[in-house]
There are 2 protein chains.
Amino acid sequence: MMVTLSDVAKKAVVSKMTVSRVINHPDKVSPELRELVYKAMKDLNYVPNFTARALVQKRTQVIKLLILEEMDTTEPYYMNLLTGIAVGLDKYHYALQLVTRNSHEIGPCDGVIATGMRIEDYENIIEQLEPPVVLFGHNDKGYDFVDVDNEKGIQMATQHVIDLGYNEILFFGIDLDEPFMQTRIKGYQKMIEKHNLNSHLFMMKNSSHVSQAKATKQLEKDEERIAFVCASDRLAIGVVRAAQALGLLIPQQVAITGFDGVFLDQISSPKLTTVRQPVMEMGEALADMLLQKIDLDGERLGNRIFQPELIIRESTIK
Amino acid sequence: MMVTLSDVAKKAVVSKMTVSRVINHPDKVSPELRELVYKAMKDLNYVPNFTARALVQKRTQVIKLLILEEMDTTEPYYMNLLTGIAVGLDKYHYALQLVTRNSHEIGPCDGVIATGMRIEDYENIIEQLEPPVVLFGHNDKGYDFVDVDNEKGIQMATQHVIDLGYNEILFFGIDLDEPFMQTRIKGYQKMIEKHNLNSHLFMMKNSSHVSQAKATKQLEKDEERIAFVCASDRLAIGVVRAAQALGLLIPQQVAITGFDGVFLDQISSPKLTTVRQPVMEMGEALADMLLQKIDLDGERLGNRIFQPELIIRESTIK
DNA sequence: TCATCTTTTATAAGCGCTTACAAAAGTATA
DNA sequence: TATACTTTTGTAAGCGCTTATAAAAGATGA
C-alpha cells in the first residue's frame, strides 16, 4: 500500500541511506546513483512520510499564530492573513494554532508568527520565546518581519487625488498609537507638504458610523471639492454614505480613497478606490519565512516589504 | 528537556505500556496504578507526542477541505468556515489542506470535508473517496453532514416582517440550483401561504449591484410598504441602497432582511436585520465530527443541524 | 607500489509511541 | 489444592525516517 524509503532502496538496489541522502543532500550522492534513485522514486510513486521525519527530527509540526491585538475574527483582513498562512504551512504539512494574549502558555511548537505587538510586548513576550519568530508588521528590534509599505500606500492615494485637482485633502485615520498608523500619517503629511497644501488630520475609531458622522460635519461646511484619504476601507465607506446622504456627487464633488482592499472595497457603491494590501500573499510569506528559518536553525533572514497597489475605482474617477 | 512516556513510566515505577494504556484505555488499568500514572504525568508535566503516535498508527495528520464550488476566498463566509475548521483541527494537531475541483488528485490524508457538491459530484467524486468524509450542506445520500436549518431561517425572517404589518413581501434569491437555495425558497413560500399573501420570487446573481437594480425597479412602482426577504446579506445591501437612492424610509416604508450574518450585515447603514448562521461553529463541528469519525474507523455518525438566529436591527425596526 | 587523504556508500541505532503477544496475578470451580 | 478461566501488567518488535559512524572505493603523491 504505502511506498517507503526501503521500497525505493530495494528497487534501486542501494541502501536506505542513499535514498535518504538523495532526498536531503542530493549533492552528496554520485550522479549515477542519484538518477537511479530518482527513477525508482518516480516508478514507485514514492511520497516521503512527513510524520516519520518529524519524529526523528523532534519537530512538533505545529506553528503558533500569536495575536496580540483585539482581533475581530469576522474581519476579512485577518481571515485572509490566516488563510495565507495556512496555505504556506500546508506545503510542509504544518498545522497552525491560534494563541491570544489570554492564553496562559504558548505551548510546544516549532515556530511563532506574532502580530499586533505593543512596545512593551517585545520585552515581556517576544523576547521570552524559545523557538524562531517572525513578526507581522514593522519593528526595529531586529526581528524578521513581513509588512506592507504603508507610507508609500498612502502617498499613492494622496498623490492620486491631488492629480485629480483636489487641493482640500482630509486624512481620516484610526486613533491607535501603532507604527502602521504613524507611517500612514507620515505618508499623507509628506505629500501634503510637497504640494504646499494644508494638512487636516482626523483620528477616530475604525467604524463606518463614526467616520460617517465626522465626514458629515466636514461636508456640511459646504466647501467645494473635498477629498478624503482614509486609513481603512471601513472609514471610507462611512464617508461615502455621508456624501450620499448630503446629495453630493462622488467623485465630482467628493473623492474618497480607502486602504486595505480586502473585500469591503468591492461591496461599496460606488466602488472604492483603495490601496490594496496583498494580505494573503503576506500571510504566505510569513509562513515561508518561518519555515525556512526553522530549517536554518533560527538564523536571521531579514525582512520582506510588500508593495501596495492603488486600485482606482468609481469613488475617485468617473 | 522533553518528557516522554518512559520518563513517566520510570517515575510511576510501571512499564511504558501501562502509561500508554492509561492514556488510551484507562478502563483497562486498575484504579491504583491509574492514579499513580496520572500523578506522575502531572508532576512531570507530560505532553504526549502526537507525531510518534501518528507514525505508529499510520496517520498523515492531514485532512483535506474539498471545495467544489467557485469560491471567492475573499468572501468572509468561507473565511469563517475555514477558521472554524482550523480551530477544530488544531485541538488534535491536525493540518488542513485545501483542494479544489481543479486539483488532479486528492492525495494522502486521514479524512475529507467537502462543500459545494452538485448532484453529479456524489458519484464522480465523493463515492470514490477512500478516507472518511463529512459534508458541509445537506444531502440525502447517507453521508454525514453539518448544515444550518435554512427553511427555519427564512421562515423566521418572513414571519418577522409579517409581524411588522407588511403584506407585500418579495423574496430575493440567488439563482443557483442547489439544495440550500431550494430550502430557503420553500421556507418563504410556506410562510406566505400560511398567511394568505402573494408570493413574489426574484432570482438573481449574488451581487449587491444586481439586487440594487432589481429592487429599484420594484420600488419605483410606488406601492407602499414593501418588505424584501433576501437570501444573502449581499443582496440585502443592494436593496438598502436602492431604497435610499429613491428617498424611501427604512424601515417605515421598506423593510429588509438579509441572510448569513457574517460581517456584511454589520457594516451596512442602517444595520441589517439578518438570519445569522453560526458559520465558525459549524466549521468546528465539521472538524470535530470528522476526527471522531476517523477514530471510529469511518462509522456513521449522523448529522448536525444548527439553528439560525434572527438578529433584528435597524433595517426592519426603528 | 603502498600509505594517506578524500569521496562515496552502507550499517546500526533509535526518535516516542502503539500493536501483538506473553507472563503474572487474581478468581472461581471442582 | 489443583484447574481453568479472567483480569491486569509487562516484553519485544517495529512504524519510516535520520544522525552518527564505520566501511569501502577512488584519488593523490612519494
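Every value quoted in this text rests on a predicted model; they were computed, and no experiment measured them. Just so we're on the same page: letters track the sequence lines, and every chain starts at 1.
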N/O (side chain, [X]) to phosphate O (OP1/OP2, [N]) under 4.0 Å:
{"X": "Thr51(B)", "N": "dC17(C)", "result": "no"}
{"X": "Tyr46(B)", "N": "dG16(C)", "result": "no"}
{"X": "Ser15(B)", "N": "dT11(D)", "result": "no"}
{"X": "Lys58(A)", "N": "dT19(D)", "result": "no"}
{"X": "Asn24(A)", "N": "dT18(D)", "result": "yes"}

Practice task
By nearest nucleotide on DNA chain D, pick out whichever of His25(A) and Leu55(A) is the more 5' one.
Solution key: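 The residue whose closest nucleotide sits nearer the 5' end is Leu55(A).
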
Practice task
Would you kindly compare Lys28(B) and Ala52(B) by the position of their nearest DNA chain D nucleotide and give the one closer to the 5′ end?
Solution key: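 Residue closer to the 5' terminus by nearest nucleotide: Lys28(B).
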
Within this structure, what is the [atom1]-to-[atom2] distance between [X] and [N], rounded to whole angstrom?
{"X": "Lys16(A)", "N": "dT8(C)", "atom1": "NZ", "atom2": "C1'", "answer": "19 Å"}
{"X": "Ile23(B)", "N": "dC17(C)", "atom1": "CD1", "atom2": "P", "answer": "7 Å"}
{"X": "Lys10(A)", "N": "dG16(D)", "atom1": "NZ", "atom2": "P", "answer": "11 Å"}
{"X": "Asp7(A)", "N": "dC15(D)", "atom1": "CG", "atom2": "P", "answer": "11 Å"}
{"X": "Glu32(B)", "N": "dA25(C)", "atom1": "CD", "atom2": "P", "answer": "15 Å"}
{"X": "Arg21(B)", "N": "dG10(D)", "atom1": "CZ", "atom2": "C1'", "answer": "8 Å"}

Exercise for the section: Answer yes if the ring centres of Phe145(B) and His138(B) are under 6.0 angstrom apart, and no otherwise. Expected result: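 Here the rings of His138(B) and Phe145(B) have centres that are less than 6.0 Å from each other.
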
Can you figure out which of [options] approaches the side chain of [X] most closely?
{"X": "Ser30(A)", "options": "dT18(C), dG16(D), dT8(C)", "result": "dT8(C)"}
{"X": "Gln57(B)", "options": "dG10(D), dT19(D), dT19(C)", "result": "dT19(C)"}
{"X": "Met2(A)", "options": "dC17(C), dG16(D), dT9(D)", "result": "dG16(D)"}
{"X": "Leu33(A)", "options": "dT9(C), dG10(D), dT18(C)", "result": "dT9(C)"}
{"X": "Val56(A)", "options": "dC17(C), dC15(C), dT11(D)", "result": "dC15(C)"}
{"X": "Arg53(A)", "options": "dC17(D), dG16(C), dA10(C)", "result": "dC17(D)"}
{"X": "Met17(A)", "options": "dT11(C), dC17(D), dT18(C)", "result": "dT11(C)"}

Exercise for the section: Ignoring hydrogens and angles, state whether a donor on the side chain of Asp90(A) or Gln97(B) is under 3.5 Å from an acceptor on the partner side chain. Expected result: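 There is no such pair (donor and acceptor under 3.5 Å, judged by atom type) between the side chains of Asp90(A) and Gln97(B).
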
Problem - Side-chain H-bond candidate by donor/acceptor type, Gln61(A) with Tyr92(A), under 3.5 Å - result: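 On atom types as modelled, these side chains do not qualify, holding no pair under 3.5 Å.
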
Practice task
By nearest nucleotide on DNA chain C, pick out whichever of Thr4(B) and Val29(A) is the more 5' one.
Solution key: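 On the 5' side of the pair lies Val29(A).
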
Exercise for the section: Could you tell me whether Lys11(B) and Asp7(B) make a salt bridge, using a distance below 4.0 angstrom between a side-chain N and a carboxylate O? Expected result: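 A salt bridge is absent here (no side-chain N lies under 4.0 Å from a carboxylate O).
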
Handout entry: Sugar-phosphate, base or nothing in reach of Phe50(A), heavy atoms under 4.0 Å
Key =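 Contact class for Phe50(A): none.
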
Practice task
Give a yes or no on this: more than 12 heavy atoms of other residues, nucleotides or ligands lie within 6.0 Å of atom NZ of Lys91(A).
Solution key: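 It does: Lys91(A) NZ has more than 12 such atoms within range.
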
Practice task
Compare all side-chain heavy atoms of Ile125(A) with those of Arg101(A) and state whether any distance is below 4.5 angstrom.
Solution key: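 They are in contact (side-chain heavy atoms under 4.5 Å apart), so the answer is yes.
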
